[in-house]
Amino acid sequence: MTEPEPPSVAALSFAETATQSVSKAAEQEINPWDVQAAVDAEGNVLEFDYPAISAKWATKLVDDALLERFVRVTGHKPHRWLRRRLFFSHRDLELILDTYERGEDFLLYTGRGPSSDAMHIGHTIPFEFTKWLQDVFDVPLVIMLTDDEKFLFKEKLKQPEVYEFARQNAKDVISIGFDVKKTFIYIDSEFFTSGFNRHFNLNATEFEKLVTNNQVRGAFGFHGSTNIGSNAFAAKQCVAAFASSYPFIWGNDINTYHRSKQLAAIPCLIPCAIDQDPYFRLVRDNCARMDQPSPKPALIHSKFLTALQGAGGKMSASNPNSAIFMSDTEKQVKKKINQHAFSGGQETLELHREKGGNPDIDVPYQYLAYFEDDDEKLVRLAGEYRAGTLTTGDMKKECINMMSAYVKGFQEARAKVTDEVLEDFLRPRKLEWKGNPNPTKKVEKTEEAKEGAAAPLLDAEGKPMTKNAMKKAQKLAEIERKKKEKEEAAKAKQ
Ligand code: TRP
């Protein structure tokens with residue numbers, strides 16, 4: 001038997017709160033504006049329960065079968081974030097693989113709300129992943145910087161200030177290494193006043209008509225005193241997934257009034273953190289009702305990167321010690337990891353050698369799991385940590401080396417992003433991409449398809465539906481939709 005451990009600081013504060021005998025339990029909260037891990041009765045912050053959120057929102061978990069198919073279709077080894085399920089959930093990713101297999105275009109779309117001028121390692125993750133997808137699939141990409149969203153949702157922010165954040169963030173995003181030929185980055189306040197946005201606006205207005213106050217209240221928790229801009233903003237983040245919002249990317253005339261049916265029919269894949277899913281459920285529920293219907297956008301969802309303080313902690317620009325920022329010096333990175341990273345090791349070296357550490361809650365190990373590509377090395381580090389042969393100090397050193405190299409590489413790239421480079425990305429223009437060089441399931445397009453008719457609806461056996469069956473199915477879908485709307489309205493009133 002070993003000596004009982006002295007109570008840790010956490011246990012002491014627990015004793016204090018326990019005497020107040022107030023249960024602090026709270027369920028996890030995940031929505032686009034609030035991400036909080038669950039809290040147990042003693043006030044301890046728990047880890048996020050990702051399978052639970054996937055089940056609650058009816059997304060699919062990324063599994064081996066999907067990744068095997070990914071390898072077969074693309075010829076690429078899955079990114080380590082897929083292998084390790086840090087991108088853990090999806091909607092309709094298999095349909096995107098079908099599209100790619102047929103050698104057809106799809107649009108990649110992601111974005112960021114510029115809430116400060118400093119990006120941290122958590123912010124770069126969706127962009128790093130999107131860049132990898134762009135390299136793998138060779139498709140056009142749009143990146144939406146929602147300065148309008150942040151302005152509308154954050155009481156204190158002024159328009160010029162958020163616009164400047166967006167410009168700085170855009171430079172950070174460019175530093176990830178996107179190919180300017182295939183990438184259009186836009187800052188909402190700029191693009192929406194540029195004259196290039198006619199079709200985007202027409203889509204937004206049409207979509208705004210399809211969505212009721214009750215629907216956005218249900219999806220986002222808005223209420224009667226929420227400003228009207230916030231209600232309307234949802235439509236913008238949604239129609240940003242329609243290729244027909246960006247005719248110039250395909251070299252189409254931007255001065256014609258009429259939107260392109262062919263472009264509307266192009267599928268879209270959105271890499272994002274799971275908290276953005278409510279927006280995209282809204283677009284998935286309503287896109288088929290557009291005059292020129294778009295397919296439901298596919299999604300691939302990430303988990304949240306843990307703050308330096310450990311499970312459930314939040315990385316925040318207002319707490320520099322909560323995160324490693326892309327602007328940190330080598331010295332700062334080292335100091336933050338050494339002094340602030342939560343360790344899964346034991347209190348003393350002696351105990352650690354005896355009992356071993358826990359990599360699952362060890363923040364330096366968690367960061368290595370994100371950034372170290374070598375699977376074997378990672379397994380070895382975890383094994384040695386558990387065995388107690390690898391110390392907390394060793395793990396921190398590995399992490400410091402990895403993160404310093406990542407931040408340094410980023411900063412070197414960032415130094416090259418001049419105002420001219422930024423303007424190149426922000427200019428609405430025709431993009432260039434090649435797509436799948438060897439489509440294995442190429443389908444000859446019928447005349448009708450060439451004219452841009454939406455793909456025929458299929459029945460339960462996968463056969464094209466007759467016109468009558470289609471009408472019936474549409475009617476049923478409409479009834480279903482109305483029912484859902486009523487339910488949501490009732491929910492919003494509760
Ligand atoms: N609402 C997102 C945020 O606050 C920004 C955003 C717009 C976005 N479009 C997106 C994020 C598409 C992911 C994918 O960060």
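Count residues from 1 along the sequence. No hydrogens, no waters, no symmetry mates; every other heavy atom, side chains included, goes into these values. Indexing begins at 1, ligand by ligand and atom by atom, following the structure's order.
Judged purely by distance below 3.5 Å, without hydrogens or angles, the side chains of N227 and S230 pair a donor atom with an acceptor atom.
Atom CD of E27 sits in a sparse spot, with 12 or fewer heavy atoms from other residues, nucleotides or ligands closer than 6.0 Å. Within 6.0 Å of NE2 in H258 there are 12 or fewer heavy atoms belonging to other residues, nucleotides or ligands.
Using a 4.0 Å cut-off to heavy atoms of G113, the atoms of ligand 1 that qualify are 3 (C), 4 (O), 5 (C), 15 (O). Atom numbering of ligand 1 starts at 1 in the shown order; those under 4.0 Å from a heavy atom of T146 are 5 (C), 7 (C). Ligand-side atoms of ligand 1 in range of C272: 13 (C), 14 (C), range being under 4.0 angstrom from any heavy atom. Listed by number with element, the atoms of ligand 1 under 4.0 angstrom from any heavy atom of K150 are 4 (O). Here is the list of ligand 1 atoms found below 4.0 Å of a heavy atom in I270: 14 (C). Near Y109, the atoms of ligand 1 lying under 4.0 angstrom from a non-hydrogen atom of the residue are 7 (C), 9 (N), 10 (C), 12 (C).
Ligand 1 has no N or O atom lying under 3.5 Å from any N or O atom of Y279, backbone or side chain. Polar contact check, M144 against ligand 1: no nitrogen or oxygen pair lies under 3.5 Å apart. Between R112 and ligand 1, no pair of N/O atoms sits closer than 3.5 Å. For a threshold of 3.5 Å applied to N or O pairs, the pair formed by E149 and ligand 1 contains at least one separation below that value.
The aromatic rings of H120 and H123 sit parallel, their planes meeting at an angle under 30°, below the 60° perpendicular limit. Relative ring orientation between F192 and F200 is described as tilted, the plane-to-plane angle lying within the 30° to 60° band.
The pair D374-R80 fails the salt-bridge criterion, with no side-chain N (NZ, NE, NH1 or NH2) lying under 4.0 Å from an Asp/Glu carboxylate O.
At the shortest separation from atom 2 (C) of ligand 1 among protein heavy atoms lies Q276 OE1, 3.3 Å. The single protein non-hydrogen atom nearest to atom 14 (C) of ligand 1 is G111 N, 3.5 Å, given as residue, atom name and distance.
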Practice task
Mind running side chain to side chain donor-acceptor pair (under 3.5 Å) on D148 and S189 for me, showing each step along the way?
Solution key: CA-CA 6 Å; D148 53 346; S189 67; over 6 Å; no
Practice task
Carefully, step by step, assess N201 and R198 under the rule side chain to side chain donor-acceptor pair (under 3.5 Å).
Solution key: CA-CA 5 Å; N201 270 10; R198 175 183 274 184; over 6 Å; no
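Here F280 has side-chain heavy atoms under 4.0 Å from ligand 1, and that is the only part of it that gets that close.
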